[in-house]
Amino acid sequence: MSDTQQMQQPVNDLGYRSFTLGKFGFRRDEYFSHITWPGGSHTIAVDRYLRALVRDIAWSFFYGIVNFDEVFGTINHYGNVDVFAGLFSDGYRKSERYYVENFETPKVRAVFEAICDDWTSEGFDPFAAPEETGSAFGPKHGSNKAAISRKRLTASRMVGMKGDIPLRTDQAGNPVNRHFLDVPQDQPEVYPEPGFEDEVHAFNFFGYLSRSEVTWNPSIVSVVKNSLLCPTTEEFMLPVIHGNDRVEWFIQLSDEIHWDVQDRESGRPRARVIMKAGDVSAMPANIRHQGYSPKRSLLLVWENNDAGLPELYAKGKLKPYPVEF
Ligand code: PHB
Ligand code: FE
């Protein structure tokens, strides 16, 4: 039997399969995802679960920790992944009831992809804003493979350059979002010297972002060595609680996002950050955070992709914050 056959169990009365990953079990009913492990169990509303799951897969387990909620999540070790329950919850830790299993990355990806595919019915897009998609609830009906298999857009130099990710247009099926109809769509005029046509480039960045159909899904629009500009459009809440393994910078480009910032290990509250258009913040390397965007907004996330950073922070060789005032 293949890995995929082994991890799948028979279909339940509602049409959904159950899955196993190591000693973790996953099953869904009309409203909930139920997770079990030796000595414990946990329940997450299935819409929240699928929104977190699809991002954990699309981001290849992201930087550091992806908490689906206060109990369940993954830690990326860039080659292998810890899947945990209760590891970052005070109560589970103090009573030593947490559970962690480590897997090679492809194994977690295969199981997570199979769950996401089986549990997402027709009409529900876990990347879309709640106002712009159907319901995740109820018995299984159809599937939505196109929505869940979106790849993260990663430019190799900059969006719109020769051979790179194309600009978004009406013709390509990327209309301006309903909340950004006031964003100008003109493009800059660029006159490179002969011979530099493939090197000198500019595009309307706000116009490009205003045409994003997904929420809370940073795409990489420009790359200079390890400096990645990862803008995204946000609406409703970040479907994961991100535990950083490095500093991340946020520049709020429009509207506003409210951030809950907590201690990464325990979840104890550390700060509330209300970011309005033009505000800049640096999220420390030892926190976790979740954002709330009351209406669709434009956010620039600036990531340092240096693979050596997590160890430098973990060993205390770098301070968890980038600036001292
Ligand atoms: C983050 O965890 O820093 C993050 C993730 C997705 C977003 C924005 C921020 O869309
Ligand atoms: Fe983050």
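Remember, it's 1-based here, ligands and their atoms both numbered in the order they're listed. These numbers come from a predicted model, not from an experiment.
When atom types are taken as modelled, the side chain of R157 and the backbone of V223 share no donor-acceptor pair closer than 3.5 angstrom. In this structure, R211 contributes its side chain and N174 its backbone to a donor-acceptor pair below 3.5 Å. Checked by atom type and distance alone, the side chain of R270 never pairs as donor or acceptor with a backbone atom of I287 at under 3.5 Å. R93 places no side-chain N or O within 3.5 Å of a backbone atom of Y98 that could act as its donor or acceptor partner.
Nearest to atom 1 (C) of ligand 1 among the protein's heavy atoms is H289 NE2, 3.6 Å. Considering only non-hydrogen protein atoms, atom 10 (O) of ligand 1 sits nearest to E234 OE2, 2.6 Å. Remark: minimum distance from atom 4 (C) of ligand 1 to any protein heavy atom is reached at L238 CD2, 4.1 Å.
The closest approach between any non-hydrogen atom of R55 and ligand 1 is not below 4.0 Å. At a 4.0 Å cut-off, not a single heavy atom of Y63 sits close enough to ligand 1 to count as contact.
Atom numbering of ligand 1 starts at 1 in the shown order; those under 4.0 Å from a heavy atom of N217 are 10 (O). Shown in contact with F250 at under 4.0 Å from a heavy atom are these atoms of ligand 1, numbered in order with element: 3 (O). Close approach of ligand 1 to F62 (heavy-atom distance below 4.0 Å) involves ligand atoms 2 (O), 5 (C). Against a heavy-atom cut-off of under 4.0 Å, H242 is close to the following atoms of ligand 1: 1 (C), 2 (O), 3 (O). Residue contact check: P218 has heavy atoms under 4.0 Å from atoms 6 (C), 7 (C), 10 (O) of ligand 1.
Below 3.5 Å of separation, one finds no N or O of W59 facing any N or O of ligand 1. In terms of polar-atom proximity, E248 is counted as a contact of ligand 1, with an N or O under 3.5 Å from an N or O of the ligand. Residue-to-ligand polar distances keep W259 apart from ligand 1: every N/O pair is separated by 3.5 Å or more.
The Fe ion (ligand 2) is closest to atom ND1 of H242 (considering only N, O or S atoms).
N76 and W59 are not linked by any side-chain donor-acceptor pair at a separation below 3.5 angstrom, with hydrogens and angles left out of the test.
For the pair R28 and Y16, the cation sits on the ring face: its NZ or CZ lies under 6.0 Å from the ring centre, inside 45° of the axis.
F124 places none of its side-chain heavy atoms less than 4.5 Å from the side chain of N144.
Proximity of the aromatic rings of Y208 and F203 is defined here by a centroid distance below 6.0 angstrom, and this criterion is met. Less than 6.0 angstrom separates the ring centroid of F250 from the ring centroid of H289.
One finds an angle of 100° at the Fe ion (ligand 2) between OE1 on E248 and NE2 on H289, to the nearest 10 degrees.
Evaluated for a ring-ring contact (aromatic ring centres under 6.0 Å, His included) with W119, the options F26, F32, F137, Y49 yield exactly one hit, Y49.
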